[in-house]
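These notes concern the structure reproduced below.
Just so we're clear, the structure is a prediction, and the values are computed from it rather than from any experiment. Position 1 is the first residue of the sequence; numbering continues from there. Both counts, for ligands and for their atoms, begin at 1 and track the order of listing.
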Amino acid sequence: MITVTVFGLGFVGLTTALGFADMGYKVYGVDIDAGRKDTLRKGELPFSEPHMRDVLREQLGKNFTVTDDPASAVRESEYIFYCVGTPYSEDGSADLRYLFSAIDSTVDALVNEYGDPIDGNIRLMITKSTIPPSTTSDKIVPYVASKGKISKNIGIANNPEFLREGHCWDDFMNADRIIVGCDDDRTKDMMDVLYRPMNVPKFFVSHNTGEFIKYLSNTILATLISYSNEMATIADTIGGIDIPKAFNILHMDKRWNGCAMTSYVYPGCGYGGYCLPKDTNAMLAQSKNRGFEPQILKEVIATNENRPRMMANMISNGLDKNNRIGILGLSFKPGSDDVRDTPALKIIKELQKKGYEKISAYDPVANKEFSLRYPEIKITIRDNMKELYDESDVMVIVTAWNEFRMIREYGNKRVIDCRYML
Ligand SMILES: NC(=O)c1ccc[n+]([C@@H]2O[C@H](COP(=O)([O-])OP(=O)(O)OC[C@H]3O[C@@H](n4cnc5c(N)ncnc54)[C@H](O)[C@@H]3O)[C@@H](O)[C@H]2O)c1
């Protein structure tokens, strides 16, 4: 039976682990977060994600094990996946310390006290985390080679993941395509066997190409969002323009019509979440390091960073410092409780900087996650929209949750719609 170890049990790693378990493989999940492992062993998810809890409960004790013994898991596996975080460093580049720590655990498990391989088995080390182009060829391959004879028994690949939070299970199981960055036939053949149950196009490309495709994908999305926000600002500056109507009519062009991508061509509070901000910054940093300073990406980032300030200016326009502000939405997008790099945080901070102290907020799923992740942000969290409405002087829609569309039914208080959704 094919055996897989997955390092990192976040959105990507847990989905990958359960996906392979669902295909009938034996899967070990490894994480450094003991609380997360306990939660998973109880059959609970550490985040909100449709359908995944049912799959977790079905696979726990069947094909999926959350282990505290990564060394044994690695020894038993032919496929070792890295799905750990790759956050920003201070200069915007990707911080690879979690990835290399997991690679170290793998190599340590596969050599004996003399540094020789424990067996002659061939294993693959596969990075699913998003890593800047050339990381595999310039950093991972030489690093593993520096570990001596064991490197001959290891194939190295990257296998970028394109799932969207809120749709993790469906996007993994019904992927549009599988991309494998690998530079040798042995690795290619083993990856082909692994993904055989998935009947989708598979592309075997060079290490750098595999990594680059992921950044192409995320930077185009960031660019579409910043473009839309800049166009909305232009429209505001000119005046007399119905912004939502203009964008909705744009989407009716038959070259766009019906395409899910239109959701990225619409103004809002700027992109947030774990991926677009860090990946756009990492691509810029990587290119600058190699001697080319991209102008479009620089402006995409600048426009995005400026957006929450513009929203805060719009909210504070004519508003007394004693007024109570009710923020609707804390997660970075509807359908998710992820609050990493969420525009709500930036807008709240801008308002507090301006001297607004009476800020309350409500989110259908992210209240707890926001309070846990940002305990330093002093706002009042409310359990429902009505309670927030009753105590606020002005309401601000920050995340485009569908239920916020009914806000007008509560009365005629001022509503600032930063998502152009009403
Ligand atoms: N979230 C997404 O929508 C998405 C989509 C595609 C790609 N990605 C990329 O996938 C990677 C993971 O993203 P995520 O959102 O799943 O992150 P996450 O923060 O939800 O999960 C990462 C997990 O890795 C664990 N971890 C860190 N170091 C470890 C180690 N040495 N050994 C074992 N576990 C370790 C952490 O405790 C955490 O549970 C990132 O590179 C991200 O850019 C994310």
Side-chain angles (χ1 to χ4, degrees), residues 5-19 28-41 45-50 52 66-71 73-74 80-89 93-109 125-133 135-136 140 158-172 175-176 178-179 210-211 213-219 221-222 271-283 331-333 335-342 369 372-373:
T5 292
V6 177
F7 279 85
L9 297 173
F11 288 92
V12 169
L14 184 63
T15 312
T16 302
L18 293 175
Y28 291 105
V30 178
D31 205 291
I32 48 169
D33 180 337
R36 176 159 291 208
K37 287 190 290 187
D38 285 347
T39 304
L40 289 170
R41 285 188 183 113
L45 293 182
F47 40 74
S48 159
E49 195 57 45
M52 294 255 291
V66 179
T67 181
D68 289 326
D69 182 5
V74 162
I80 298 130
F81 273 86
Y82 305 107
C83 304
V84 299
T86 47
Y88 324 62
S89 310
S93 62
D95 180 347
L96 301 175
R97 86 179 78 158
Y98 303 103
L99 176 62
F100 277 92
S101 153
I103 290 174
D104 278 340
S105 313
T106 309
V107 173
D108 290 348
M125 293 169 64
I126 308 139
T127 309
K128 217 177 219 319
S129 302
T130 303
I131 46 172
T135 302
T136 309
I140 301 177
N158 55 64
N159 174 211
E161 179 53 57
F162 297 90
L163 58 73
R164 296 161 300 162
E165 288 177 23
H167 305 264
C168 284
W169 182 250
D170 199 44
D171 284 350
F172 183 87
D176 302 318
I178 304 292
I179 291 157
E211 296 159 337
I213 292 168
K214 178 65 191 172
Y215 283 86
L216 262 185
S217 172
N218 278 359
T219 54
L221 299 178
Y271 56 81
Y274 189 46
C275 295
L276 299 197
K278 83 174 169 61
D279 295 345
T280 311
N281 276 284
M283 188 79 281
S331 63
F332 86 96
K333 68 168 189 179
S336 170
D337 66 347
D338 197 342
V339 296
R340 292 179 286 186
D341 245 322
T342 178
E369 194 54 34
L372 285 173
R373 192 170 280 268

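Taking the salt bridge (Lys or Arg N to Asp or Glu O under 4.0 Å) definition, one finds that D337 meets it with nothing, sequence neighbours left out. With sequence neighbours left out, R373 forms a side-chain hydrogen bond (donor to acceptor under 3.5 Å, both in side chains) with no residue at all.
The residue I131 has no part lying near ligand 1, judged by heavy-atom distances below 4.0 Å. At a heavy-atom distance under 4.0 Å, no atom of S105 approaches ligand 1. Both the backbone and the side chain of Y98 come within contact range of ligand 1, each with a heavy atom under 4.0 Å. Residue contacts with ligand 1, taken as heavy atom pairs separated by less than 4.0 Å, do not involve R164 at all.
Given atom 27 (C) of ligand 1, the protein heavy atom at minimum distance is I32 CD1, 3.6 Å. For atom 43 (O) of ligand 1, the closest non-hydrogen atom on the protein side is K278 NZ, 2.5 Å. Summary of contacts: the protein heavy atom closest to atom 13 (O) of ligand 1 is Y274 CE2, 3.6 Å. Regarding atom 9 (C) of ligand 1, its nearest protein heavy-atom neighbour is T130 OG1, 3.4 Å. In terms of protein heavy-atom proximity, atom 41 (O) of ligand 1 is closest to T86 OG1, 2.6 Å. Looking only at protein heavy atoms, the nearest one to atom 11 (C) of ligand 1 is V84 O, 3.4 Å. Summary of contacts: the protein heavy atom closest to atom 5 (C) of ligand 1 is L163 O, 3.5 Å.
The heavy atom nearest to atom 21 (O) of ligand 1, considering only P70, G10, P160, is found in G10. Evaluated by nearest non-hydrogen atom to atom 38 (C) of ligand 1, the leading choice among D33, T16, D31, L14 is D31. When the heavy atoms of S129, C83, G13 are ranked by distance to atom 12 (C) of ligand 1, first place goes to C83.
A pairwise comparison of heavy atoms in T280 and A222 identifies OG1-CB, 3.5 Å as the closest pair. Here the shortest heavy-atom pairing between D338 and F11 reads OD2-CE1, 3.7 Å. Shown here for P132 and Y215, the closest heavy-atom pair between the two residues is N-OH, 3.2 Å.
The shortest distance between side-chain heavy atoms of T5 and F81 does not fall below 4.5 Å. At a threshold of 4.5 Å between non-hydrogen side-chain atoms, the residues I80 and I126 do not count as touching. Using a 4.5 Å cut-off on side-chain heavy atoms (C-beta onward), M52 and F47 make contact. Between V66 and L9 there is a side-chain heavy-atom pair separated by less than 4.5 Å.
Under the 3.5 Å distance criterion, with hydrogens and angles disregarded, no donor-acceptor pair is assigned to the side chains of E161 and T16. A donor-acceptor pair shorter than 3.5 Å can be found between the side chains of T86 and K278.
Ligand-side atoms of ligand 1 in range of K214: 6 (C), range being under 4.0 angstrom from any heavy atom. Taking every heavy atom of V30 and a limit of under 4.0 angstrom, the matching atoms of ligand 1 come to 33 (C), 34 (N). Atom numbering of ligand 1 starts at 1 in the shown order; those under 4.0 Å from a heavy atom of S101 are 31 (N). Near F7, meaning under 4.0 Å from any of its heavy atoms, are these atoms of ligand 1: 32 (N), 33 (C). Applying the 4.0 Å criterion to heavy atoms of G8 picks out, from ligand 1, the atoms 23 (C), 24 (O), 25 (C), 33 (C), 34 (N). Within ligand 1, the atoms closer than 4.0 Å to a non-hydrogen atom of G85 are 22 (C), numbered from 1 in the order shown.
Distances between N or O atoms of R36 and those of ligand 1 include at least one value under 3.5 Å. Between F11 and ligand 1, an N or O atom pair is found at a separation short of 3.5 Å. Considering backbone and side-chain N/O of D279, none are found under 3.5 Å from N/O of ligand 1. Considering backbone and side-chain atoms together, R340 places an N or O closer than 3.5 Å to an N or O of ligand 1. At a 3.5 angstrom cut-off on N or O pairs, E161 does not count as close to ligand 1. On a distance-only criterion, E165 and ligand 1 share at least one N/O pair closer than 3.5 Å. Distances between N or O atoms of V12 and those of ligand 1 include at least one value under 3.5 Å.
Put simply, the side chain of N158 never gets that close to the backbone of K128: no donor and acceptor are under 3.5 Å apart. No donor-acceptor pair under 3.5 Å is formed between the side chain of T135 and the backbone N or O of I131. Side-chain atoms of S93 never come within 3.5 Å of backbone atoms of S89 as a donor-acceptor pair (strictly under, hydrogens ignored). A side-chain donor-acceptor contact under 3.5 Å links D171 to the backbone of R164.
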Chi angles and distances behind the side chain to side chain donor-acceptor pair (under 3.5 Å) call for Y82, T106: CA-CA 10 Å; Y82 305 107; T106 309; 2.7 Å; yes

